[in-house]
2 protein chains.
Amino acid sequence: MMDAMDLPAPARPTRRPEHAGSRLAQLAGLLADETRARFCLALLDGRAWTAGELARLAGVAPATASGHLDKLVGGGLLTEERQGRHRYVRLADSASAQLVEELAAHAGPPPAPRSLRGSSANTAMARARTCYDHLAGRLGVVITDALLERGLLQQDTGFAVTEDGLRWFDALGVDLTARPRGRRPPARACLDWTERRPHLAGVAGAALCRHALDAGWCERIGSRRALRVTDTGRRALLDLLGITDADLTGESVEAPA
Amino acid sequence: MMDAMDLPAPARPTRRPEHAGSRLAQLAGLLADETRARFCLALLDGRAWTAGELARLAGVAPATASGHLDKLVGGGLLTEERQGRHRYVRLADSASAQLVEELAAHAGPPPAPRSLRGSSANTAMARARTCYDHLAGRLGVVITDALLERGLLQQDTGFAVTEDGLRWFDALGVDLTARPRGRRPPARACLDWTERRPHLAGVAGAALCRHALDAGWCERIGSRRALRVTDTGRRALLDLLGITDADLTGESVEAPA
DNA sequence: AGAGCGTTTCGGTGTTCACCGAAACATTCG
DNA sequence: CGAATGTTTCGGTGAACACCGAAACGCTCT
């Protein structure tokens, strides 16, 4: 950081000399409001929402939502896309999504209650959902566990796709070696706040999620992030990863450690 | 500690029906103030600072700093340790440090000026410093590059210590296999905002930094995060990783693609 | 004990900012 | 065109909150 010049001896305050952590404060300020935080959490589904939808979700007037979106877009966290009379917004990129995830995970209820038997909507979300662009919920965790168990993914020194894993993905028609070599990590762990275990994110996670939706393994329920695993999906998961229905519903699976 | 006081369930959302993203907003709010942001950035050196030091650093009155520290400690981002008339604070844990890092990296100046005209203090920091508990600056990047080159670390599918790497660390007297199996990732990439390249963090990064200081490879300059590589350090880096003085000063090392 | 220093509490000030309702725009549909 | 719908602009209000100085508190050292 180039903030602190040589402050040891003379205190040179009196006025803010340069802009050091001001950028950090500015960024954090975007998420420091509950309404904006709700917006971003909702947008973690990776899709575009309209301003009105977000306003209703957060329980504020459309005018208020409009102002918040100005801030979020202006801050680079969101991008917008006007279509007719609608203003669609989405998270700007995967880095921004990761930031929100990370914050949310860290902010997750510290005395997290193990058993959350919520409404039926909540259980559906807990079972399977998307998290920005990858699979989360019980489904995401179970798949990640299966990949680890079969040596397709290795966690003990990070989160890396193995050689076998590359072949496995290739068999699905997903070529991980041909990735655009961008900044985005190929395999990344995402710690979700309902399941307390990490699950696969990053390029590999996104590719897997896309494939799952394309191949009809699962489909979206309603207009939210929740997913439903189809029959073909169940069959595929069993064939490819040995995942049973009991695994998916969390029947006999307690705490494996 | 006595932290089990007020965080579990305040249950007074004032007006919002449920508490959804309010925890996120609360956490982000801690870093949404420039003074508090400066505090946290300074604390990224992993050491404990007194309230007065932080006040002078940020250019605010001691009374103001005191209040900010109350908030940061209360929010769980910092822990405090009273010693006589001093109030020492430090980042609560590596997770909190990672959070600040991540935010800072994302908030890094988007129109980042390539040329960092630095005072001598700045160049020293750019050359070698600590970042919470691991090595950063040119030194950190060079070591990480060397580890990658020699196959001790692998990045192309994450950031993982290889089998050879485990043996290499073991030869240093650092046993990475005996790690406490905690939540902390063994190997993690930390993207610093002066060097724009990732360098080794996580348990392995911390162990390496500790060893470097213990073995006298480098020593702290002044009271800040800056480090100086000693002669024995130079010799060790050359012997173990083939790192030359030119590498360290960044002489002929431009952009390796 | 008393001087010195770091820290905290207290009262007060000024600014920022989230929020709303109403009216103005803009787009789509009948 | 005129009605319905989604969004934005425009005041205005109220509540946080960052900040300071002064005084009080507590520890250390002479």
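- For the pair E81(A) CD and dT27(C) P, the interatomic distance rounds to 16 Å; values are reported in whole Å.
- Legend: residues meeting salt bridge (charged side-chain N to carboxylate O under 4.0 Å, His left out) with D214(A), ordered by chain and number and at least two apart, are absent.
- As rounded to whole Å, 14 Å separates atom C1' of dT16(C) from atom NE2 of H68(A).
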For nucleotides 5-9 of chain D, tabulate all protein N/O to nucleotide N/O atom pairs closer than 3.5 Å, reporting atom names and distance.
| from | atom 1 | to | atom 2 | distance (Å) |
| --- | --- | --- | --- | --- |
| dT5(D) | O2 | R85(A) | NH1 | 3.2 |
| dG6(D) | O3' | R85(A) | O | 3.3 |
| dG6(D) | O3' | H86(A) | ND1 | 3.4 |
| dT7(D) | OP1 | A51(A) | N | 3.4 |
| dT7(D) | OP1 | R87(A) | N | 3.1 |
| dT7(D) | OP2 | G52(A) | N | 2.7 |
| dT8(D) | OP1 | R82(A) | NH2 | 2.8 |
| dT8(D) | OP1 | R87(A) | NE | 3.3 |
| dT8(D) | OP1 | R87(A) | NH1 | 3.1 |
| dT8(D) | OP2 | S66(A) | OG | 2.8 |
| dT8(D) | OP2 | R87(A) | NH1 | 3.3 |
| dT8(D) | O5' | S66(A) | OG | 3.4 |

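- As rounded to whole Å, 12 Å separates atom P of dA18(C) from atom CD of E34(A).
- At a threshold of 4.0 Å, the pair R87(A)-D70(A) counts as salt-bridged, since one of the basic side-chain nitrogens sits closer than that to a carboxylate oxygen.
- At the phosphate of dC19(D), OP1 or OP2 sits under 4.0 Å from a side-chain N or O atom of T35(B).
- Pairing each heavy atom of T79(B) with each of L91(B), the nearest pair is OG1-O, 4.2 Å.
- Using a 4.0 Å cut-off, no side-chain N or O of K71(B) falls inside it from OP1 or OP2 of dC17(D).
- Remark: E80(A) engages R82(A) in a salt bridge, criterion side-chain N to carboxylate O under 4.0 Å.
- Between R188(B) and E101(B), at least one side-chain nitrogen of the basic residue sits less than 4.0 Å from a carboxylate oxygen of the acidic one, meeting the salt-bridge criterion.
- Rounded to an integer number of Å, the gap from CD of Q83(A) to P of dT28(C) is 10 Å.
- Put simply, CG on L31(A) is 16 Å from C1' on dA18(C), counting in whole angstrom units.
- Note: H199(A) and H134(A) have tilted aromatic rings, judged against thresholds of 30 and 60 degrees for the angle between ring planes.
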